[in-house]
There are 2 protein chains.
Amino acid sequence: MNSEDIARLAGVSRSTVSRVINNYANVPEATRAKVLAVIEKYNYEPNTSARILAGKSNNTIGLFVISVSEKERRIYQNAYYSSFINAVVDVANDNGYYVLVHTIYSEKDYSKVKQSFLQKRICAGILVGNEKLSSALKEISRMGYPIGIVDYDPEDIEKYDLDDSNLIVVNSKDYEGTTDALNYLIGLGHREIGIITGRMETYSGRQRYEAYINVLESNGIEIKPEFVLKGEFHKKKTYDEVRNLVDSKKLPTALFACNDDMALAAMEVFSENGIRIPEDISIIGFDDIPLAAHIKPALSTVKVPGYEMVGHITELVISKIESKVRKFHYESIPDQLIIRDTCTNVRDGAF
Amino acid sequence: MNSEDIARLAGVSRSTVSRVINNYANVPEATRAKVLAVIEKYNYEPNTSARILAGKSNNTIGLFVISVSEKERRIYQNAYYSSFINAVVDVANDNGYYVLVHTIYSEKDYSKVKQSFLQKRICAGILVGNEKLSSALKEISRMGYPIGIVDYDPEDIEKYDLDDSNLIVVNSKDYEGTTDALNYLIGLGHREIGIITGRMETYSGRQRYEAYINVLESNGIEIKPEFVLKGEFHKKKTYDEVRNLVDSKKLPTALFACNDDMALAAMEVFSENGIRIPEDISIIGFDDIPLAAHIKPALSTVKVPGYEMVGHITELVISKIESKVRKFHYESIPDQLIIRDTCTNVRDGAF
DNA sequence: CTGAAAGCGCTTACAG
DNA sequence: CTGAAAGCGCTTACAG
């Protein structure tokens, strides 16, 4: 069943069938109804490849989920990501777009992005993932398609010579979120504040660390290298770092973890060692993963609105596809401090 | 840049370029190298739509994530699903396939499946989701494309008149998993065993319930209606049901929850009411979501190998695409009882 | 308002 | 081994 069949059955030409399908204005209602009836009756749907080849948009957004640092190829383990995929698909589908999902596990896989464009499979791309985006990004940005990136340093655009006219960058306000968390801790009287850092290959990892340094310094609090634990956003790394800290017998009174996974890992180690939270040490995380509210004690954290952020970038990408305006768009979304049960006034503690 | 440009640049015809791209045997090495060099140099990738239109497979699998019962369109909240998407994408990408992800939130959305086939966007479909699959499935099964379905009653195939020659159904062994969990509880001395049921619209929901009934009966244990709580796989519903149970002052000594979310909800309610787990009541879940191992006490449960299950069905679908053998394939994957800290011998308890 | 025809970029018998 | 040509199923100027 193709447009020619429909045309014959409706007693018109393929041109007219096409006009009906594409909602051209200059088709009399009677003709339109006649054609529509045949289309309906035979359950006809135009061949997508033919339409694209003839000049229509493919209406497909590529979603590239980058995870070059994970050993295991289990992105979903990271609760962070699953909401991203869902957000893109929801918003795209609502707007009549399809989404092609790809995972990127290595530097080499970046060629998949370029390839998808070159093969004309997609008309825009959204990149999410926790790694420094490779140099491949320069090339990708220059292909002329709208590209949405989540968690990217806007200064890197110039630094890596990207073409920003096709770029949409949406970040969460990690610096401010971190500042809020730290000020909260300081307000509770803490002066010995440690950090479990994320991956410095990510913008959010760097921002959270920088905010830590700056807030402490501007409050006249000394930054002790032994209280700076390198967690890399991973639980495994964090276990080791926190165990070392515990072994050193010198604990801070509060610990700021750059994500909830690491905060949880730290809590486990403390719990194993009879160190009470928050009595012996306060701890605060980042992200607000579902688990955070459910563990005991419930984890105080900084909520990153992941679904909203990614849903929003999807809307921006779609409007860029349709508007043809080529202009850099940057946005950052506020985080929210969520106070639960893992932080307490330093004077109430055992120290 | 198209195949004609490449042809001219390489001094051959488009036919030869095509033969090189498609790895035809009858191209001399020298010619192949010459063409490849030009392709490489200009970063040429053949236009996908043109290839498909000319007869190539679109190499795209549609992944339809069904969630008609959820109020909120947040599939990812269900930890269950995110691993599914990831599994399909990983396996498909590894085999050179693309995946188009769609969410289905209403009965009406099922037309998206049919449409995607009719428009020739996809050459196979995988349906995952927690609802009774609609009657649309009959039509979909008859379109002649391989369809993989997770969690579907094989008896419904005949009942709903599906064409099974294109079907691949993969379930987890819910009945056996439930039996294991219940036998474990019975082995601990429990005779007062309640259940929080899932959605009866799902095969797994029904299987788990049926196994509960049968195991109890075959052990001569009375099934008390007041111990059958209707949780619908949802936390909210479960809170209400468990509160009612607690208010009734008549608790079973053990509770089998048809998924971990509901087990967790029950634990929260018990905890609020000073009912200790496992001392006052044993509880066991189903699924083994990441949270299960991390809450205190750690939840005993039946692990469903979701990623493996869906990865496997993806492999089966791909081999069906490529083999052209049309024959029903059914498989069920064993679950695994995971004993952690929420169940204890009934004699040790406070009852 | 509508049809004939060109064209999108490939693949693949067909003929040599 | 290789090229000319038909054909895949549409869309869209073009002409009327």
Side-chain angles (χ1 to χ4, degrees), chain A residues 1-39 42-60 96 98 115-123 143, chain B residues 1-39 42-60 96 98 115-123 143:
Chain A
M1 184 64 48
N2 59 27
S3 68
E4 177 133 31
D5 297 326
I6 300 295
R8 195 178 341 100
L9 261 10
V12 297
S13 71
R14 278 148 74 218
S15 313
T16 298
V17 171
S18 185
R19 288 192 191 96
V20 169
I21 287 168
N22 293 295
N23 261 304
Y24 275 43
N26 55 352
V27 179
E29 212 31 71
T31 309
R32 182 183 305 279
K34 191 173 56 180
V35 173
L36 246 21
V38 178
I39 287 177
Y42 291 92
N43 242 307
Y44 167 74
E45 292 278 347
N47 181 306
T48 297
S49 297
R51 301 189 80 185
I52 297 171
L53 199 55
K56 290 294 194 185
S57 160
N58 57 27
N59 268 231
T60 306
Y98 291 80
Q115 209 176 46
S116 298
F117 281 121
L118 255 15
Q119 295 180 348
K120 302 279 192 297
R121 286 182 188 273
I122 56 178
C123 61
M143 297 182 75
Chain B
M1 185 64 48
N2 58 29
S3 68
E4 175 134 33
D5 297 325
I6 300 296
R8 195 180 338 101
L9 261 12
V12 297
S13 71
R14 279 147 74 218
S15 312
T16 299
V17 171
S18 185
R19 287 191 192 97
V20 169
I21 287 168
N22 293 295
N23 260 305
Y24 275 45
N26 55 352
V27 179
E29 214 31 71
T31 310
R32 180 183 306 279
K34 190 173 54 177
V35 173
L36 246 21
V38 177
I39 287 177
Y42 291 92
N43 241 308
Y44 167 74
E45 291 278 348
N47 181 307
T48 297
S49 297
R51 300 191 80 185
I52 296 171
L53 199 55
K56 290 293 194 186
S57 161
N58 57 26
N59 268 232
T60 306
Y98 290 80
Q115 208 177 46
S116 299
F117 281 121
L118 255 15
Q119 295 179 349
K120 302 279 192 297
R121 286 183 187 273
I122 56 179
C123 60
M143 297 182 74

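This is a predicted model, so every value here is computed, not measured. Every chain is numbered from 1 and lettered A, B, ... according to where its sequence line falls, protein lines coming before strand lines.
Computed from coordinates, the I39(A) CD1 to dC10(D) C1' distance equals 13 Å when rounded to whole Å. Going from atom CG of N47(A) over to atom P of dG9(C) covers 16 Å, rounded to whole Å. Between the CG atom of D5(B) and the P atom of dG9(C) there is a distance of 9 Å, given to the nearest Å. Regarding N23(B), its CG atom lies at a distance of 16 Å from the C1' atom of dC10(C), rounded to whole Å. Protein atom CD1 of I21(B) is 7 Å distant from nucleotide atom P of dC10(C), rounded to whole Å. Rounding to whole angstrom units, CD of residue E45(A) and C1' of dG9(D) are separated by 14 Å. The nearest whole Å value for the distance from the CZ atom in R14(A) to the P atom in dC8(D) is 10 Å. If you take CZ of R32(B) and P of dT2(D), they are 10 Å apart, rounded to a whole angstrom.
An OP1 or OP2 oxygen of dC10(C) is reached within less than 4.0 angstrom by a side-chain nitrogen or oxygen of Y44(B). Regarding contacts with the backbone of dG3(D), a side-chain N or O of T16(B) is found under 4.0 angstrom from either OP1 or OP2. In this structure, T31(B) reaches the dT2(D) phosphate: one of its side-chain N or O atoms is under 4.0 Å from OP1 or OP2. Between N22(A) and the phosphate of dT11(D), there is a side-chain N or O to OP1/OP2 separation shorter than 4.0 Å. Side-chain N/O atoms of Y24(B) include none lying less than 4.0 angstrom from OP1 or OP2 on dA13(C). Listed pair S18(A) / dC10(D) fails the phosphate criterion, with no side-chain N or O lying under 4.0 Å from OP1 or OP2.
Nearest approach of A7(A) to S13(A), heavy atoms of both residues: CB-C, 3.6 Å. Taking each heavy atom of Y42(A) and L9(A) in turn, the nearest pair found is CE1-CD2, 3.6 Å. Listed here is the closest heavy atom pair of R14(B) and S3(B): CG-OG, 3.7 Å. Closest of all the heavy-atom pairs between I52(B) and N58(B) is CD1-CB, 3.4 Å.
Separating the C1' atom of dT12(C) from that of dG16(C) is a span of 16 Å, rounded to the nearest Å.
Candidate nucleotides dG3(C), dG3(D), dG9(D) were compared by shortest atom distance to the side chain of N2(A), and dG9(D) ranks first. Out of dT12(C), dG9(C), dA5(C), the shortest distance to the side chain of K56(B) is found at dT12(C). Of the candidates dG9(D), dA5(D), dA4(C), the closest approach to any side-chain atom of S15(B) belongs to dA5(D). For P28(B), taking side-chain heavy atoms from C-beta onward, the closest of the listed nucleotides dT2(D), dT11(D), dC14(D) is dT2(D). The side chain of R19(A) sits closest to dA13(D) out of dT11(D), dC10(C), dA13(D).
With hydrogens and angles ignored, the 3.5 Å screen pairs a side-chain donor or acceptor of D5(B) with a backbone N or O of N2(B).
Side chains of N59(A) and R121(B): no donor on one and acceptor on the other come within 3.5 Å.
Side-chain to base pairing of S13(B) with dA4(D): no donor and acceptor N or O lie closer than 3.5 Å to each other.
When each of N26(A) and S3(B) is assigned the nucleotide of DNA chain C with its nearest heavy atom, N26(A) is the one assigned upstream, toward the 5' end.
Across all strands shown, dC14(D) forms a Watson-Crick or G-U wobble pair with dG3(C), both key distances being under 3.5 Å.
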